[in-house]
Amino acid sequence: MSDAPRVIAPGMVVGILGGGQLGRMLATAAAELGLACHVYCPDPRSPAFAVAAARTIAPYDDPEALAAFAASVDVVTYEFENVPVETAEALAARVPLAPGARSLAVAQDRLFEKELMAGLGIATAAHAEVSRQADIYSALARTGRPAILKTRRLGYDGKGQATVRAGDDPVSAWRVIGEAPAILEALVSFEREVSVILARGRDGEVRAFDVTENVHDAGILDTSTVPARIEPELAAEALAIATRIAEALDHVGILAVEMFLATGHEGRRLLVNEIAPRVHNSGHWTQDACLVSQFEQHIRAICGWPLGDPSRHSDAVMVNLIGDAVADWPALAAEPGARLHLYGKSEARPGRKMGHVNRVRPRPGT
Ligand code: AMP
């Protein structure tokens, strides 16, 4: 779109590509600002549909459905990064898209992500590209063992990954990931994992939430805690790294940057693991511990509104409710200091994110 984007005012319509829990929470936040959401998702059972003003159930490559969707919305965003770039570009030719297609293209390919970091002088785990079976040996020479083979695309929550330890046959790791184009990464020994969730407005203003400390279990986020146990200088460095990435992408909206606080012969340092051009599970605590949540902040940014105040009034621990853990909902609903968020998914399959709980404690003096 060449003309200057207008402010998306209350009463106008935000289009969301993707209908998962992130889309559901974005649509709820948009509704609280008087905006309506039109959710586009191929899956008729999408959790976001229940809270959306309008829905389209169609594949992402359906030109007629996309044209009708574009005609019915004032701005388009996405809630997951595996939306095809061509879909995003086709929409961007008709209606403002935020974040832009470049953020999407980089975030959906682990090699592009690493190349962006290298170009910005931002440290990552040692890695090498693996496009065919034979590459795995030269890649291992670069990373050493243990290492993790990860598909370049479509991996999430630890899926599409295989570890190569001393004595393992690397070819079986290549088979485990389906012989798809991949990168091999050195296994980082880390003290903890942290993430930065920031918003960048259309005017380039950046506002970040406090750095979050994350614990994963089997590749899936388990808990996020604020404040993170890192020194203020490292927290400032984490924010500076994330800001540089957002600026390089000319990103508009929420950007999440996951990092390792690595230990080892090069000392304690931050290594970027991956980025997400969207609201992120490690930012769910903002719903109950900040004046403005990541969901509202994303809507504000993409609609050209002033960014909200991201300051934190409470300490918080977010715990994901995965699979059967959601059966504890009656006890969680009764727990003092806890706020329960459920996604309305009917079937609690193992590994499926069903909801989360934010345990908050007001900060002294706030
Ligand atoms: P990812 O899908 O890349 O976010 O990986 C999911 C989780 O697996 C991360 O949050 C880490 O806990 C772990 N992990 C991924 N890559 C590495 C690595 N190179 N070294 C150590 N742990 C890793």
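Throughout, numbering of the chain's residues begins at 1 and tracks the sequence. Just so you know, ligand 1 is whichever comes first in the structure, and atom 1 is the first atom listed for that ligand.
Each of Glu129, Glu274, Glu185 was evaluated against Lys114; a single residue qualifies, Glu185, per the side chain to side chain donor-acceptor pair (under 3.5 Å) test.
Leu104 places none of its side-chain heavy atoms less than 4.5 Å from the side chain of Phe80. Looking only at side-chain heavy atoms (C-beta outward), Leu154 and Gln108 stay at 4.5 Å or farther from each other.
The aromatic rings of Tyr343 and His356 lie tilted to each other, with the angle between the two planes from 30° to 60°. The aromatic rings of Phe69 and His38 lie perpendicular to each other, with more than 60° between the two planes, well past the 30° mark.
When only interatomic distances are considered, the shortest N/O to N/O separation between Val188 and ligand 1 falls below 3.5 Å.
Distances below 4.0 Å separate heavy atoms of Phe190 from the following atoms of ligand 1: 21 (C), 22 (N). Interface of Gln161 with ligand 1, defined as ligand atoms under 4.0 Å from a residue heavy atom, comprises 1 (P), 2 (O), 3 (O), 5 (O).
Contacts between Asn273 and ligand 1, counted as non-hydrogen atom pairs separated by less than 4.0 Å, involve the side chain only. Looking at Asn214 against ligand 1, nothing comes within 4.0 Å, counting heavy atoms.
Considering each of Glu258, Lys150, Glu193, the one bringing a non-hydrogen atom nearest atom 10 (O) of ligand 1 is Glu193.
Checking Thr77 against His298 by side-chain atom types alone, a donor-acceptor pair falls below 3.5 Å.
Residue contacts with ligand 1 include Ala186, since one or more of its heavy atoms lies under 4.0 Å from the ligand.
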